[in-house]
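Numbering of ligands and ligand atoms starts at 1, following listing order.
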Amino acid sequence: MILELDCGNSFLKWRLFSGDGRCILPVHVADGLEALRAQLQQSRASVSFVRMVSVRADEETEEISAAISRLLDCPVALALPSMELAGVSNGYLDYQRLGMDRWLAIVAAYNVAREACLVIDLGTAVTVDWIDAEGRHLGGYICPGIPSLRQQLQSHTQRIRYDPGHGGSLGDLSPGRSTAEAVERGCLLMLRAYIESQVARAVQVLGKDAAIYVTGGDGALVDGLASVRHVPDLVFRGLALACPVEV
Ligand SMILES: Nc1ncnc2c1ncn2[C@@H]1O[C@H](COP(=O)(O)OP(=O)(O)O)[C@@H](O)[C@H]1O
Ligand SMILES: CC(C)(COP(=O)(O)O)[C@@H](O)C(=O)NCCC(=O)O
Ligand SMILES: [K+]
């Protein structure tokens with residue numbers, strides 16, 4: 001079995017795959033190494049290969065990799081930056097600076113249909129990357145994600161305190177009548193307007209047929225926006241391209 005592991009800034013996501021490409025266990029989310037270890041032990045998975053991507057500091061990435069290798073007694077392949085992968089060229093001036101989760105999502109998205117596309121990842125940060133029809137990554141944008149927006153308001157005000165679960169249903173964007181509703185709906189509207197403006201601008205440059213892919217833990221927040229395709233496992237798909245199983 002293959003363990004796929006995505007270490008984002010907030011969460012460690014993992015799933016299990018068979019050697020012939022079948023998903024054996026869907027994505028699990030751990031809030032740290034201890035939780036990840038416990039989940040893996042509980043799954044009793046017999047893993048022979050691990051592929052991993054991380055946007056954490058080098059030391060922490062190394063710590064997670066070593067711990068997982070010890071726990072499962074198998075090799076861990078870490079996805080590393082590259083100037084080109086699977087028909088896509090990295091658009092950063094210094095290709096090593098592009099976040100690895102972005103790079104893998106970009107490569108996976110282009111390889112869906114090898115056409116111009118926009119890749120939007122809604123996690124701790126919201127990233128938007130542009131890729132043209134020839135597979136050239138043109139660069140992208142980074143802005144705070146929903147959790148960071150909330151935290152900013154809470155840490156810079158004295159009276160914005162609430163349980164985020166009390167923002168009401170996602171469908172209701174009428175003016176909030178409590179702090180929770182006002183903040184949650186305000187941040188959501190801001191994010192959606194940002195995504196809409198990104199799509200409108202990208203279409204002008206990349207053409208009206210550009211595919212719009214959305215991924216990341218908060219990807220569902222923009223479901224329903226015209227023409228976006230929600231692909232939750234884009235980073236994992238790119239990880240399989242970057243770290244094929246060693247034979
Ligand atoms: N099962 C889950 N556990 C925790 N957060 C989740 C879960 N499913 C969706 N989310 C959402 O995912 C967001 C984090 O997205 P994610 O892509 O995992 O971030 P990162 O890659 O930066 O760690 C959180 O703000 C939360 O709203
Ligand atoms: C932009 C990011 C913080 C997004 O991380 P995430 O929200 O997925 O945890 C990450 O891709 C990163 O650390 N990138 C390095 C800087 C860059 O891409 O320019
Ligand atoms: K992200």
Asker: Arg102 heavy atoms, cut-off 4.0 Å: which ligand 2 atoms fall inside?
Answerer: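 The atoms of ligand 2 under 4.0 Å from a heavy atom of Arg102 are 11 (O), 17 (C), 18 (O), 19 (O).
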Asker: Tell me whether the K ion (ligand 3) has Asp121 as a neighbour, meaning an N, O or S atom of it below 3.4 Å.
Answerer: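 Given the 3.4 Å cut-off, Asp121 counts as a ligand of the K ion (ligand 3).
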Asker: Could you pull out, from Gly217, Ala30, Ala220, the option with a heavy atom nearest to atom 8 (N) of ligand 1?
Answerer: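 Looking at heavy atoms only, Gly217 sits closest to atom 8 (N) of ligand 1.
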Asker: Is it the side chain (CB and beyond), the backbone, both or neither of Ile142 that lies under 4.0 Å from ligand 2, heavy atoms counted?
Answerer: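 Contact part for Ile142 vs ligand 2: side chain (C-beta onward).
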Asker: Does Arg161 have more than 12 heavy atoms from other residues, nucleotides or ligands lying within 6.0 Å of its CZ?
Answerer: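 It does: Arg161 CZ has more than 12 such atoms within range.
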Asker: Could you tell me whether the side chains of Thr179 and Arg159 share a donor-acceptor contact shorter than 3.5 Å?
Answerer: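 Short answer, no.
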Asker: Taking all non-hydrogen atoms of both residues into account, name the closest pair between Cys74 and Val50 and its distance.
Answerer: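 Taking Cys74 first and Val50 second, the nearest heavy atoms are SG-CG2, 3.6 Å.
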Asker: Hey, is the K ion (ligand 3) within less than 3.4 Å of some N/O/S atom on Gly99?
Answerer: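 Coordinating: no.
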Asker: For Gln151, does its backbone N or O pair with a side-chain atom of Ser155 as donor and acceptor, under 3.5 Å?
Answerer: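 Yes.
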Asker: Look at atom 13 (O) of ligand 2 and say which protein heavy atom is nearest, naming residue and atom and giving the distance to 0.1 Å.
Answerer: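 Nearest protein contact, heavy atoms only, for atom 13 (O) of ligand 2 is Val55 CB, 4.2 Å.
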Asker: Does Leu98, backbone or side chain, put an N or O under 3.5 Å from an N or O of ligand 2?
Answerer: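 For ligand 2, there is no N or O atom that lies under 3.5 Å from one belonging to Leu98.
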Asker: Give the residue, atom name and distance (to 0.1 Å) of the protein heavy atom nearest atom 19 (O) of ligand 2.
Answerer: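 The closest one turns out to be Tyr92 OH, 2.6 Å.
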Asker: Where does Arg97 meet ligand 2, judged by heavy-atom distances below 4.0 Å: at the side chain, the backbone, both, or neither?
Answerer: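 For Arg97, the contact with ligand 2 is made by the backbone alone.
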Asker: Out of curiosity, is Asp121 lining ligand 2, as in a heavy atom under 4.0 Å away?
Answerer: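 For ligand 2, residue contact (heavy atoms, under 4.0 Å) with Asp121 is absent.
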Asker: Could you find the nearest protein heavy atom to atom 26 (C) of ligand 1 and give me its residue, atom name and distance?
Answerer: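 Answer, as residue, atom name and distance: Asp218 OD1, 3.4 Å.
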Asker: Could an N or O of ligand 2 be found under 3.5 Å from any N or O of Asp101, whether backbone or side chain?
Answerer: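 Looking only at distances, the answer is yes, because the N/O contact criterion of under 3.5 Å is met.
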Asker: For atom 3 (C) of ligand 2, grab the closest protein heavy atom and report residue, atom and distance to one decimal in Å.
Answerer: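 Looking only at protein heavy atoms, the one closest to atom 3 (C) of ligand 2 is Asn9 ND2, 3.5 Å.
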Asker: Please confirm whether Ile146 approaches ligand 1 to less than 4.0 Å, judged on its heavy atoms.
Answerer: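 It does not, in that no heavy atom of Ile146 comes within the 4.0 Å cut-off of ligand 1.
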Asker: What pair of heavy atoms forms the shortest contact from Val203 to Lys208, and how long is it?
Answerer: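 Result for this residue pair: CG1-CA, 3.6 Å.
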Asker: Any idea which protein heavy atom is nearest atom 6 (C) of ligand 1, and the distance to it?
Answerer: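 Looking only at protein heavy atoms, the one closest to atom 6 (C) of ligand 1 is Phe11 CE1, 4.6 Å.
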Asker: Just heavy atoms, cut-off under 4.0 Å: does Val29 contact ligand 1 by side chain, backbone, both, or neither?
Answerer: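 Looking at Val29 and ligand 1, just side chain atoms fall under 4.0 Å.
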Asker: How close does the nearest protein non-hydrogen atom get to atom 1 (C) of ligand 2, and which residue and atom is it?
Answerer: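 I find the closest protein heavy atom is Thr127 CG2, 3.7 Å.
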Asker: Considering only heavy atoms of Gly8, which atoms of ligand 1 have at least one such atom less than 4.0 Å away?
Answerer: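 Reading through ligand 1 atom by atom, the close ones are 20 (P), 21 (O), 23 (O).
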Asker: Heavy atom under 4.0 Å from ligand 1: found in Pro147's side chain, backbone, both, or neither?
Answerer: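 Near ligand 1, Pro147 shows its side chain, while the N, CA, C and O stay back.
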